[in-house]
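The block underneath contains the structure these notes are about, expressed in structure tokens.
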Amino acid sequence: MGNYADSIAKKQMKNPSEYNRFKKLIKETKIYDAPDSLTGELRPYQKIGYSWLVQNTRYAFGSILADDMGLGKTIQVLATILLYKEKNLLENKSALIIVPPTLISNWENEIKKFTPELSYFIYHGSNRTFPLEDYDIILTSYGVVRLDLDMFLDKNWFICVIDEAQNIKNPNTEQTKAIKSINARSKIALTGTPIENKLMDYWSIFDFTNKGYLSTKDDFKINYVVPIEKLEDESVLNHLKAIAKPFVMRRLKSDEEIKKELPEKFVNDIYCSLTKKQIKLYNAILEEIFFDIENSKGIQRKGIILKILTALKQTCNHPAQFLDIKNPKISESGKMELLADILENILDADEKVIIFTQYVEMGKLIQQLISKKFKQEVLFLHGSQTLKEKTRIIDTFQEDPDYKIFVATLKTGGTGLNLTAAQNVIHYDLWWNPAVENQATDRVHRIGQDKDVMVYRFITKGTLEEAIDTISKRKVDLAKKAISNDETFLTEMSNEELKEVLSLRL
């Protein structure tokens with residue numbers, strides 16, 4: 001690491017004192033004892049991450065903690081803040097923690113559980129009032145910071161922490177600009193997917209934690225984005241990893257030291273067939289929309305392709321999702337019949353299950369049909385619920401043994417939540433982005449889970465679902481570099497290639 005990181009630091013750090021701090025940082029490797037008042041124990045790898053955060057904060061540098069989902073990033077951050085409080089080094093300042101609204105309750109619970117000595121204040125909600133007295137932690141959301149930015153700029157913070165840091169991956173949004181304008185001695189970004197779709201996401205997060213270290217946006221594009229994403233230059237990728245290393249820590253569940261601390265995860269691709277009703281609808285959609293594709297260009301053509309993808313995916317899920325049928329039946333969808341069969345086995349074993357879908361309407365359909373078949377209430381988590389409703393649903397599932405089935409939309413239930421009561425995960429419809437899918441699975445397969453986890457990925461045989469899953473798996477080596485794919489690559493295909501991917505192969 002040394003030469004690359006040191007040369008970049010010397011070039012980017014115009015201030016000699018900043019460069020000297022950097023030299024001290026990379027020479028020091030120290031494992032700190034856990035804070036005396038920490039409730040609970042840091043696992044060996046968590047102690048390393050916590051010590052790294054303490055060290056970077058000591059030298060006033062930022063950190064990107066990019067551990068896999070479920071490996072306990074929250075406790076590592078809270079332990080860092082707690083140590084500085086115990087050593088009387090918070091300098092009469094607060095730690096600002098910025099999270100998506102759905103995670104506020106989760107952070108509050110973790111503070112109470114692991115660091116009850118830290119005082120905290122939640123600044124959120126329509127009737128929010130900024131506190132006059134001092135707290136160790138102010139907990140708020142991205143949207144509130146954007147709306148009430150002046151309140152946050154009035155203070156100098158000891159640490160500014162952002163959770164689910166992909167929320168600032170777009171450097172041009174008002175939200176990202178607001179978050180980056182906050183003054184803090186040190187900044188910490190938490191993410192399970194440091195590069196969700198492209199390298200500029202990575203630059204934007206790094207620009208928050210250590211502004212200027214990876215140069216300007218334009219320079220980064222020329223020096224790294226083009227060689228790595230366009231030319232697949234491994235040497236440039238290795239250079240980037242080397243210079244980023246002092247400020248990025250990423251541990252994976254596949255790491256040997258961590259694997260032995262987690263139960264097994266078994267991923268199963270489960271195939272089902274279309275019913276006659278689905279076949280008829282699928283072909284009708286193809287015939288109707290392909291005429292439009294062949295007579296369109298540019299943005300209009302891309303829009304039509306994405307529209308047809310949604311229509312075909314909804315048809316694979318259940319005809320009622322596309323047609324808005326009033327009295328849907330399980331027997332009208334091969335996928336719904338498969339779901340009922342698998343749920344029967346799960347319930348017979350007295351286990352819990354989470355079912356992920358991309359669509360709110362599909363979640364409602366699953367809730368309606370499955371609750372009726374199994375004569376029990378099915379919980380459903382989605383984006384339009386209030387924070388209080390979401391918290392109640394999650395707590396009910398985690399704590400009440402009578403609630404076995406939990407349905408969640410992928411975007412709402414896929415990040416930041418602790419759902420270890422389940423030991424089964426069903427992906428009812430696939431997102432085709434490995435990072436997003438794995439995030440959702442890791443709501444269950446995470447630290448605190450003491451049972452093996454079964455994962456079922458539903459794929460409708462002979463349809464676009466099977467074709468695109470095959471394409472996604474061929475791209476998995478790219479995804480491992482944390483540059484993942486989604487459905488938009490289909491819009492670049494020729495009409496002939498599209499017909500090949502989308503047409504039924506029964």
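Small disclaimer: the values here were computed from a predicted structure and weren't measured.
Within the 3.5 Å criterion, the main-chain N or O of Q321 finds no donor-acceptor partner in the side chain of E361. Within the 3.5 Å criterion, the main-chain N or O of P246 finds a donor-acceptor partner in the side chain of W52. Proximity of a side-chain donor or acceptor of D255 to a complementary backbone N or O of L252 within less than 3.5 Å is detected. Between the side chain of N268 and the main chain of V455, a donor-acceptor pair closer than 3.5 Å is present. In this structure, Y213 contributes its side chain and I243 its backbone to a donor-acceptor pair below 3.5 Å. Proximity of a side-chain donor or acceptor of R251 to a complementary backbone N or O of I258 within less than 3.5 Å is not detected. Checking side-chain atoms of D207 against main-chain N and O of W203 turns up no donor-acceptor pair under 3.5 Å. No side-chain donor-acceptor contact under 3.5 Å links D400 to the backbone of T396. K73 contributes a side-chain N or O that, together with a main-chain N or O of D67, makes up a donor-acceptor pair within less than 3.5 Å.
Atom CG in L103 sits 13.0 Å away from atom CD1 in I98 (nearest 0.5 Å). With values rounded to the nearest 0.5 angstrom, I394 atom CD1 is found 10.5 Å from R443 atom CZ. For the atom pair CG of L343 and NZ of K373, the computed distance is 9.5 Å after rounding to the nearest 0.5 Å. I179 contributes atom CD1, which lies 12.5 Å from atom CD1 of I205 (distance to the nearest 0.5 angstrom). I459 CD1 to K335 NZ: the interatomic distance, rounded to the nearest 0.5 Å, is 9.0 Å. Taken to the nearest 0.5 Å, the CZ atom of F114 stands 10.0 Å off from the CG atom of N109.
What you find for G448 and T420 is that their closest heavy atoms are C-CG2, 4.1 Å. Of all heavy-atom pairs between T409 and G383, the closest is OG1-N, 4.2 Å. Closest of all the heavy-atom pairs between L65 and Q76 is CD2-OE1, 3.9 Å. F220 approaches L199 most closely through the heavy-atom pair CE2-O, 3.6 Å. Residues L504 and I279 approach most closely at CD1-CG2, 4.0 Å, considering heavy atoms. Pairing each heavy atom of A421 with each of K352, the nearest pair is O-CB, 3.7 Å.
Partners of E377 under the side-chain hydrogen bond (donor to acceptor under 3.5 Å, both in side chains) rule, at least two apart in sequence or in another chain, are Y403. T386 pairs by the side chain to side chain contact (heavy atoms under 4.5 Å, CB included) definition with K388, E389, not counting sequence neighbours. Legend: residues meeting side chain to side chain contact (heavy atoms under 4.5 Å, CB included) with L147, ordered by chain and number and at least two apart, are R128. Scanning for side-chain hydrogen bond (donor to acceptor under 3.5 Å, both in side chains) contacts around D402 gives an empty result, with sequence neighbours left out. D68 meets the side-chain hydrogen bond (donor to acceptor under 3.5 Å, both in side chains) test with no other residue; sequence neighbours excluded.
Residues L339 and I330 are not in side-chain contact: their nearest non-hydrogen atoms beyond the backbone lie 4.5 Å or more apart. A 4.5 Å side-chain heavy-atom check between I97 and D163 finds every atom pair outside the cut-off. You'll find the side chain of K329 stays beyond 4.5 Å of the side chain of L369, heavy atoms only. Under the 4.5 Å side-chain criterion, counting only non-hydrogen atoms from C-beta, Y142 is in contact with I162. Side-chain contact between P328 and L365: present, with at least one pair of heavy atoms (C-beta onward) separated by less than 4.5 Å. Using a 4.5 Å cut-off on side-chain heavy atoms (C-beta onward), T275 and S331 make no contact. Within the 4.5 Å cutoff, no side-chain heavy atoms of T463 are placed close to those of Q278. R457 has its side chain within reach of E437: a pair of non-hydrogen atoms, C-beta onward, lies under 4.5 Å apart.
Legend: ring-ring contact (aromatic ring centres under 6.0 Å, His included) pairs involving residues 367-399, not counting sequence neighbours, sorted by first then second residue: F380-H382, F397-F406.
Note on K112 versus E108: salt bridge recorded, some NZ/NE/NH1/NH2 to OD/OE distance being below 4.0 Å. Using a 4.0 Å cut-off between a side-chain N of Lys or Arg and a carboxylate O of Asp or Glu, R146 and E174 do not qualify as a salt bridge. Contact check on E110 versus K113 returns no salt bridge, with no Lys/Arg side-chain nitrogen under 4.0 Å from an Asp/Glu carboxylate oxygen.
Looking at T357, I355, L430, I342 one by one, the single match for side-chain contact (heavy atoms from CB on, under 4.5 Å) with F458 turns out to be I342. Only one option out of N317, L312, T310, T315 pairs with F322 in a side-chain contact (heavy atoms from CB on, under 4.5 Å); it is T315.
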Quiz item: What's the verdict on side-chain hydrogen bond (donor to acceptor under 3.5 Å, both in side chains) for K180 and S204, showing C-alpha distance, side-chain angles and the deciding distance?
Solution: CA-CA 9 Å; K180 289 183 180 181; S204 186; 3.1 Å; yes
Practice problem: Please step through side chain to side chain contact (heavy atoms under 4.5 Å, CB included) for the pair M336 and I366, ending with a clear verdict. | Solution: CA-CA 8 Å; M336 190 64 78; I366 293 170; 4.0 Å; yes
Practice problem: Evaluate side chain to side chain contact (heavy atoms under 4.5 Å, CB included) for H445 paired with V425, printing each intermediate quantity in order. | Solution: CA-CA 9 Å; H445 187 246; V425 177; over 6 Å; no
Exercise. Would you check, one step at a time, whether the test side chain to side chain contact (heavy atoms under 4.5 Å, CB included) holds for T412 with Q385?
Key: CA-CA 10 Å; T412 305; Q385 291 161 328; 5.7 Å; no
Quiz item: When you look at Y359 and D429, which way does the side chain to side chain contact (heavy atoms under 4.5 Å, CB included) test go after all the steps?
Solution: CA-CA 9 Å; Y359 306 102; D429 40 59; 3.8 Å; yes
Quiz item: Going through the checks in order, is the side-chain hydrogen bond (donor to acceptor under 3.5 Å, both in side chains) test met by K313 and Q358?
Solution: CA-CA 10 Å; K313 286 164 71 176; Q358 292 174 57; 3.2 Å; yes
Practice problem: Take N172 and K217 through the side-chain hydrogen bond (donor to acceptor under 3.5 Å, both in side chains) test and state the conclusion after the steps. | Solution: CA-CA 11 Å; N172 301 316; K217 185 168 56 173; 3.0 Å; yes
